[in-house]
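Small disclaimer: the values here were computed from a predicted structure and weren't measured. All values below were derived from every heavy atom in this structure, side-chain atoms included, with hydrogens, water molecules and symmetry-related copies excluded. Counting begins at 1 with the first residue of the sequence.
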Amino acid sequence: TIIVELLMLGLYVMFWLCTPMPLNTKTERIFRRYLFLKGSACICYGLFVGIMLRVLQVELAAVFGLMSFFFSFIPEVGALFAMVLPVP
């Protein structure tokens, strides 16, 4: 019973998150610009992490650079996770 309730709650939240919100054009423009700038900053961060790790001759530098790119999208703690990844 509790499992069914959690499953129903999960489905409800997924449908709620997937429903598009009505936005006016200014809000949509601001949101698109934010995503573009955030994505650009994350690409640069991941690229530079990969380059620095390659210069330091760390194995799997490209993988750590890619993971840094993805983790940098997480606010506050993403960069910390990305920094801890290459530590043996």
Side-chain angles (χ1 to χ4, degrees):
T1 60
I2 188 79
I3 295 172
V4 173
E5 288 182 24
L6 288 175
L7 181 62
M8 293 302 288
L9 177 66
L11 286 172
Y12 175 75
V13 169
M14 284 184 50
F15 281 120
W16 179 68
L17 290 175
C18 291
T19 304
M21 293 174 32
L23 300 173
N24 61 22
T25 56
K26 184 177 180 184
T27 306
E28 185 178 348
R29 190 172 44 241
I30 291 170
F31 186 67
R32 286 180 189 267
R33 181 160 171 80
Y34 168 76
L35 286 179
F36 174 75
L37 292 175
K38 179 72 171 174
S40 300
C42 291
I43 287 173
C44 291
Y45 178 72
L47 185 66
F48 287 127
V49 167
I51 290 170
M52 285 302 297
L53 291 176
R54 176 69 69 188
V55 167
L56 296 172
Q57 298 177 347
V58 173
E59 294 179 15
L60 300 172
V63 173
F64 290 132
L66 185 64
M67 294 305 293
S68 296
F69 163 71
F70 287 119
F71 277 131
S72 63
F73 275 102
I74 302 171
E76 307 300 327
V77 295
L80 179 66
F81 286 151
M83 182 179 66
V84 173
L85 278 177
V87 175

Pairing residues for Tyr45 by the ring-ring contact (aromatic ring centres under 6.0 Å, His included) criterion, not counting sequence neighbours: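 With neighbours one apart ignored, the set is empty.
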
Under the side-chain hydrogen bond (donor to acceptor under 3.5 Å, both in side chains) test, residues paired with Arg32 that sit two or more places apart: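 For Arg32 the side-chain hydrogen bond (donor to acceptor under 3.5 Å, both in side chains) partners, ignoring immediate neighbours, are Glu28.
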
Which pairs would a plain distance check flag for residues 50-67, meaning a side-chain donor or acceptor within less than 3.5 Å of a matching protein atom at least two apart in sequence or in another chain?
none

pair Met83-Leu80: side-chain heavy atoms closer than 4.5 Å: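 Contact flag for Met83/Leu80 side chains = yes.
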
Exceeds 12 heavy-atom contacts within 6.0 angstrom, atom CG of Leu7: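 It does: Leu7 CG has more than 12 such atoms within range.
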
Distance-only donor-acceptor hits, side chain of residues 69-77, under 3.5 Å, sequence neighbours excluded:
unit_1: Ser72; atom_1: OG; unit_2: Ser68; atom_2: O; d: 3.2
unit_1: Ser72; atom_1: OG; unit_2: Phe69; atom_2: O; d: 2.8

Connected hydrophobic set around Phe36, excluding itself, where side chains approach under 4.5 Å: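 For the cluster that includes Phe36, the remaining residues are Leu37.
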
Hydrophobic cluster (4.5 angstrom, side-chain heavy atoms) - remaining members for Leu35: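 Traced through the cluster, Leu35 reaches Phe31, Tyr34.
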
